[in-house]
K.L.:
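The structure under discussion is supplied below as structure tokens; questions concerning it will follow.
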Amino acid sequence: MVAAFLFVLASGYIWSIVAVMGISVGVYREVIQLAQVPAKEKSVRWFKTMSWYFLITAEYFLYGESIIYYFTEIVMVDKFLAPFATHHRFISFMLYILGFVFFVANLQKGQYQFQMAQYCYTHMALLLIVVQSHFIVENILEGMIWFVMPAVLVVCNDTFAYICGFFFGRTPLIQLSPKKTVEGFVGAFVCTLIAGFFLTGLLIRSDYLTCPVQDLGASAWSPISCSPKNPVFTPIPWQLPSTTVYLLKLLLRINKTEVYIAPVQLHAIMMACFASLIAPFGGFFASAVKRVFKIKDFGHSIPGHGGLTDRMDCQFVMGFFAHMYYQSFIKTYNVTVGSVLTTIIHNFTPREQIELLERLQTYLSNQDILDHELLAASNMEQVIQEAQDKLLLKT
């Protein structure tokens, strides 16, 4: 599984996104199948069809939002895609309303309470699985490290919890998971903090991991660079306390007064705290769901490990937290071509857009960025004039 994970990461951004989407659909399928059995027993019609319809609607809305946000300069200039991008939220809303109307029309006498519970169950699955996995995809688009680091922290915490619990575990932690121990929980917390700090120091050395996605087709072997790079990845000097300096001299004969630490390593410690203290409750919640349906595992898609849900329950919560943390404390907001283009398309009239094109062309020509002779040979001025004449005729 680790080898497959590394292979997908190295294959490129698009394959990592496809993998996350595939896993989220697989987890959703496992969770919905649990509710599908009682629906069959009660002869509730169209439950499976509606569950998948709401999944498709949610995927269309969420990933459409991401495509429009991150690839505005491509979507907004395409004649076919531009109308879908402009009215994306309205289209998504109407798709959801169609599903809602179909659900209400399908209510059966004597089954109202059960069908309402199934409807809520479907939406809970969409919220906890599809919505959270969508933010993991956005983490990839912001930079592969925001996908890799949270996932690795959860794996580290799970591994150290097992090791510490195996050797030192004595006190039960929570009734939902009898095998979890307080000693394993605390030991995993300490080890994950240390591992997160040093592993992040290794990850930031790769531009493939730290740069936001510029080309979805790029892989780990592609020449990737970004400028300016987010300052959290740049190591800065930190003064050591005088006591530490003294001990280094006394014990190790090292005269060192400062160390270089990248700010992202300190952010990694905060994420490690969440991965150790909060993310495990995603697993406890999944355990509660299994107890409700009286099953041992959600599925058998991973031999010896149960279903996808059994392995990904903590990852979804962690990925969602990583997105919110990144947006709140780390992301740098800059004006982009896409944001400027969106402003122009939505706020400028066609006449103003043509005027902007003419003035931008003049500016670039005066700065010797555009070649005067090539520009004259292209008859661009004539094209602009004809466009202005067409607008005058329309008005």
Side-chain angles (χ1 to χ4, degrees), residues 2-3 5-17 19-20 70 135-160 188-240 244 256-276 279 314-315 318-334 336:
V2 173
F5 177 69
L6 294 176
F7 176 76
V8 171
L9 287 180
S11 297
Y13 302 113
I14 188 66
W15 293 110
S16 299
I17 292 173
V20 172
Y70 289 100
F135 288 111
I136 295 176
V137 170
E138 291 211 344
N139 291 344
I140 295 175
L141 295 174
E142 292 287 357
M144 191 70 83
I145 191 172
W146 308 117
F147 167 56
V148 175
M149 181 173 62
V152 170
L153 289 175
V154 170
V155 173
C156 284
N157 183 73
D158 199 30
T159 304
F160 287 122
F189 170 66
V190 176
C191 293
T192 305
L193 291 184
I194 298 171
F197 180 84
F198 289 104
L199 285 174
T200 303
L202 296 176
L203 294 176
I204 62 176
R205 298 180 182 182
S206 169
D207 285 341
Y208 173 66
L209 296 177
T210 56
C211 288
V213 174
Q214 300 165 347
D215 177 13
L216 280 173
S219 68
W221 297 278
S222 303
I224 295 174
S225 62
C226 51
S227 182
K229 186 177 285 189
N230 194 311
V232 297
F233 298 123
T234 304
I236 57 177
W238 294 76
Q239 294 294 325
L240 291 174
T244 305
K256 198 173 186 67
T257 59
E258 63 182 22
V259 293
Y260 280 81
I261 300 174
V264 70
Q265 292 177 271
L266 304 181
H267 289 298
I269 291 177
M270 297 302 298
M271 291 191 181
C273 288
F274 187 91
S276 303
C314 300
Q315 291 288 1
M318 185 65 207
F320 194 9
F321 170 78
H323 176 82
M324 294 303 176
Y325 187 91
Y326 170 78
Q327 294 288 334
S328 299
F329 301 108
I330 300 175
K331 183 174 181 178
T332 55
Y333 291 88
N334 300 309
T336 64

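Residues take their numbers from the sequence shown, with the count starting at 1. A quick note: this is a predicted structure, and the numbers were derived from the prediction, not measured.
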K.L.:
Do Ile236 and Pro263 come within less than 4.5 Å of each other through their side chains, counting heavy atoms only?
P.N.:
yes

K.L.:
Atom OG1 in Thr200, atom CZ in Arg205: separation rounded to 0.5 Å?
P.N.:
12.0 Å

K.L.:
Any chance you could lay out the side chain to side chain contact (heavy atoms under 4.5 Å, CB included) test for Lys229 and Thr234, step after step, and finish with the verdict?
P.N.:
CA-CA 8 Å; Lys229 186 177 285 189; Thr234 304; 5.7 Å; no

K.L.:
Determine, step by step, whether Leu193 and Ile269 satisfy the side chain to side chain contact (heavy atoms under 4.5 Å, CB included) criterion, reporting the C-alpha distance in whole Å, the side-chain angles of both residues, the deciding distance to 0.1 Å, and the verdict.
P.N.:
CA-CA 6 Å; Leu193 291 184; Ile269 291 177; 4.0 Å; yes

K.L.:
Would you say that Val2 contacts Val155 through its side chain, given a criterion of any heavy-atom pair below 4.5 Å between the two side chains?
P.N.:
no

K.L.:
Just say parallel, tilted or perpendicular for the rings of His267 and Tyr325, cut-offs at 30° and 60°.
P.N.:
perpendicular

K.L.:
Hey, can you tell me if Tyr326 and Trp146 have their rings parallel, tilted or perpendicular (30° and 60° cut-offs)?
P.N.:
tilted

K.L.:
Please report the closest heavy-atom contact between Met271 and Pro150, naming both atoms and the distance.
P.N.:
SD-CG, 4.5 Å

K.L.:
Of the non-hydrogen atoms in Tyr208 and Ile224, which two are nearest, and what is the gap between them?
P.N.:
CD1-CD1, 3.4 Å

K.L.:
Any donor and acceptor pair, going by atom type alone, linking the side chain of Gln315 with main-chain N or O of Ala151 inside 3.5 Å?
P.N.:
yes

K.L.:
Only counting residues at least two apart or in another chain, list the ones meeting disulfide bond (SG atoms under 2.5 Å apart) with Cys191.
P.N.:
none

K.L.:
What pair of heavy atoms forms the shortest contact from Tyr70 to Glu142, and how long is it?
P.N.:
OH-OE2, 2.8 Å

K.L.:
About how many Å separate OG of Ser219 and CG of Leu9, when rounded to the nearest 0.5 Å?
P.N.:
12.0 Å

K.L.:
Would you mind telling me which of Val264, Thr210, Ile145 makes a side-chain contact (heavy atoms from CB on, under 4.5 Å) with Leu203?
P.N.:
Ile145

K.L.:
At their closest point, which heavy atom of Cys156 faces which heavy atom of Ala195, and how far apart are they?
P.N.:
SG-CB, 4.3 Å

K.L.:
Quick check: closest heavy atoms across Phe189 and Cys273, and the distance to 0.1 Å?
P.N.:
CE1-SG, 4.0 Å

K.L.:
With no hydrogens and no angle check, just 3.5 Å: does a side-chain donor-acceptor pair link Asp207 and Ser225?
P.N.:
no

K.L.:
Does the side chain to side chain contact (heavy atoms under 4.5 Å, CB included) test come out yes or no for Val190 and Phe160, once each step is laid out?
P.N.:
CA-CA 9 Å; Val190 176; Phe160 287 122; over 6 Å; no

K.L.:
Working to the nearest 0.5 Å, report the span between CG of Leu141 and CZ of Phe147.
P.N.:
11.5 Å

K.L.:
Roughly how far, to the nearest 0.5 Å, is OH of Tyr13 from SG of Cys211?
P.N.:
6.5 Å

K.L.:
Atom CD1 in Ile204, atom CG in Asn230: separation rounded to 0.5 Å?
P.N.:
11.0 Å

K.L.:
Between CE of Met318 and CD1 of Ile136, what distance do you get to the nearest 0.5 Å?
P.N.:
10.0 Å

K.L.:
Nearest heavy-atom pair of Ser16 and Val8: which atoms, and what distance?
P.N.:
OG-O, 3.5 Å

K.L.:
Tell me whether the count of non-hydrogen atoms from other residues, nucleotides or ligands lying under 6.0 Å of CE in Met270 goes above 12.
P.N.:
no

K.L.:
Is any side-chain heavy atom of Phe197 less than 4.5 Å from a side-chain heavy atom of Ile261?
P.N.:
yes

